[in-house]
Amino acid sequence: MRTAAIVPAAGRGERLGPGRPKALRLLGGAPLLVHAVRALARARGVSLVVVAAPGPDVPAVERLLADFEWGADVEVVPGGESRHSSVGRALAALPADVDVVLVHDAARPLAPPELVEAVASTVRQRADACVPVVPLTDTVKEVAADTVLRTLDRSQLRAVQTPQGFRRAVLAKAHAWAAEASAEELGAITDDAGLVERLGIAVTAIPGSEEAFKVTRPLDLVLAEALLARRRADGAR
Ligand code: CTP
Ligand code: MG
């Protein structure tokens, strides 16, 4: 089985505030995207990484990524207006011999390679689709305007991370559906596994990693800098 990874990196990063597109913002001196590609390329069995970059930045991202020795082939395609379309475009660029696909946000730069391997091996061994999940720490309530409607049972809820892993045919079928679906049909589906669930295909959950958190708001970047500094200090010891 040949495993490839797709990196949706074409978002603007509006919640992070003004500046370069989020994937190109710096963490420890290197763009978030470089960290994310490294985590994937370091995982055993990932032989190709396809990045969906913001359209105008494709040439610059190609030059940026060409500067590294990855241990995997790395390609860049232009992303789309939505995360779904960015993933769909990268999926369309995969060679025919790829049969397992991981999808990993550029915005999760510090996901450990062990997590990437755990997701990939779950798909290779026993699942059509696999997501890493972590328990919630806050109490969660449903609220309309300023009125609390109800408290959800937190013990049943999980936050979902990336990389998410799929048999290629399953992911392709899900994205073929998404490409034709209306905004109403897509509803609140924000991830690839959500599309697969919509087709009625089972998704397997495995334990995620706190370190695979998503850089969304400015404070997340502060946490990422601190975690990276700790890793570098541990590595130097
Ligand atoms: N993404 C993408 N194409 C889009 C939108 C998002 O490839 N049209 C990617 C982002 O680059 C990111 C991942 O999807 O790596 C997760 O999305 P998110 O965290 O929402 O990133 P942004 O959309 O960039 O951030 P924001 O929503 O704050 O603008
Ligand atoms: Mg977004």
Side-chain angles (χ1 to χ4, degrees), residues 4-27 30-41 46 48-62 64-65 74-94 101-112 115-116 119 131-134 159-166 171 174-175 178-179 181 183 186-196 208-225 227-228:
I6 285 172
V7 183
R12 282 180 288 272
E14 275 164 12
R15 288 168 289 177
L16 202 52
R20 305 273 296 135
K22 181 160 70 180
L24 301 176
R25 299 276 289 260
L26 299 183
L27 165 61
L32 294 184
L33 175 62
V34 166
H35 294 279
V37 172
R38 188 179 288 135
L40 294 162
V46 175
L48 169 65
V49 179
V50 179
V51 173
D57 295 307
V58 167
V61 170
E62 279 173 341
L64 168 73
L65 297 177
V74 177
E75 286 175 25
V76 183
V77 299
E81 274 305 302
S82 67
R83 186 185 181 283
H84 290 316
S85 65
S86 293
V87 173
R89 286 179 179 205
L91 191 52
L94 293 181
V101 183
L102 307 178
V103 183
H104 182 54
D105 295 327
R108 298 181 190 268
L110 300 179
L115 179 67
V116 180
V119 171
V131 294
V133 303
V134 291
V160 178
Q161 305 177 319
T162 75
Q164 300 186 350
F166 306 89
L171 187 63
H175 275 276
L186 283 172
I189 302 176
T190 51
D191 68 341
D192 301 281
L195 300 174
V196 168
S209 163
E210 274 186 297
E211 300 193 355
F213 66 92
K214 185 154 72 73
V215 173
T216 305
R217 292 176 292 254
L219 191 58
D220 301 321
L221 210 41
V222 174
L223 178 61
E225 291 284 1
L227 174 56
L228 184 61

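Remember, it's 1-based here, ligands and their atoms both numbered in the order they're listed.
- Contact of the L26 side chain with the P31 side chain is registered, since non-hydrogen atoms from C-beta on lie closer than 4.5 Å.
- Set against the non-hydrogen atoms of E81, the atoms of ligand 1 under 4.0 Å away are 8 (N).
- Here the heavy atom of the protein found nearest to atom 21 (O) of ligand 1 is K22 NZ, 3.2 Å.
- Close N/O approach between A106 and ligand 1 is found [any backbone or side-chain N/O within under 3.5 Å].
- Close approach of ligand 1 to A107 is summarised as follows: ligand atoms under 4.0 Å from at least one heavy atom of the residue are 15 (O).
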Atom pairs and distances, donor-acceptor, side-chain atoms in residues 212-222, under 3.5 Å, two or more places apart:
residue: K214; atom: NZ; partner: T216; partner atom: OG1; Å: 3.0
residue: D220; atom: OD2; partner: T216; partner atom: N; Å: 2.9
residue: D220; atom: OD2; partner: R217; partner atom: N; Å: 2.7

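- Distances between N or O atoms of G13 and those of ligand 1 include at least one value under 3.5 Å.
- Looking at T162, its side chain does come within 3.5 Å of a backbone N or O of D105 through a donor-acceptor pair.
- In this structure, the side chain of Q161 does not engage the main chain of G208 through any donor-acceptor pair within 3.5 Å.
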Test salt bridge (Lys or Arg N to Asp or Glu O under 4.0 Å) applied to R83 and D192, step by step: CA-CA 9 Å; R83 186 185 181 283; D192 301 281; 2.8 Å; yes
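- Remark: minimum distance from atom 8 (N) of ligand 1 to any protein heavy atom is reached at G80 O, 3.0 Å.
- Listed by atom number, the atoms of ligand 1 under 4.0 Å from K214 heavy atoms are 18 (P), 19 (O).
- Ligand 1 has a nitrogen or oxygen under 3.5 angstrom from a nitrogen or oxygen of A9.
- What sits closest to atom 3 (N) of ligand 1 on the protein, heavy atoms only, is S86 OG, 2.7 Å.
- Residues V134 and S209 come closest through the heavy atom pair CG1-N, 4.0 Å.
- Nearest to atom 23 (O) of ligand 1 among the protein's heavy atoms is G11 CA, 3.9 Å.
- For atom 20 (O) of ligand 1, the nearest non-hydrogen atom from the set R15, R83, E14 comes from R15.
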Working for side-chain contact (heavy atoms from CB on, under 4.5 Å), residues V34 and L27: CA-CA 9 Å; V34 166; L27 165 61; over 6 Å; no
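- You'll find the side chain of L94 reaches within 4.5 Å of the side chain of V50, heavy atoms only.
- Between P163 and the choices V131, L115, V7, the side chain to side chain contact (heavy atoms under 4.5 Å, CB included) rule is met once, by L115.
- Short contacts between ligand 1 and R12, defined as distances under 4.0 Å to a heavy atom of the residue, involve ligand atoms 24 (O).
- Protein heavy atom nearest atom 7 (O) of ligand 1, with residue, atom name and distance: A10 N, 2.8 Å.
- Listed for the H84 side chain is a donor-acceptor partner under 3.5 Å among the backbone atoms of I189.
- Scanning the protein heavy atoms around atom 15 (O) of ligand 1, the nearest turns out to be P8 O, 2.8 Å.
- For atom 13 (C) of ligand 1, the nearest non-hydrogen atom of the protein is D105 OD1, 3.4 Å.
- Residue contact check for ligand 1: G79 places no non-hydrogen atom closer than 4.0 Å to it.
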Verdict with supporting geometry, L186 and L195, side-chain contact (heavy atoms from CB on, under 4.5 Å): CA-CA 8 Å; L186 283 172; L195 300 174; 3.9 Å; yes
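- Within the structure, the closest approach of A23 to ligand 1 does not fall below 4.0 Å when heavy atoms are considered.
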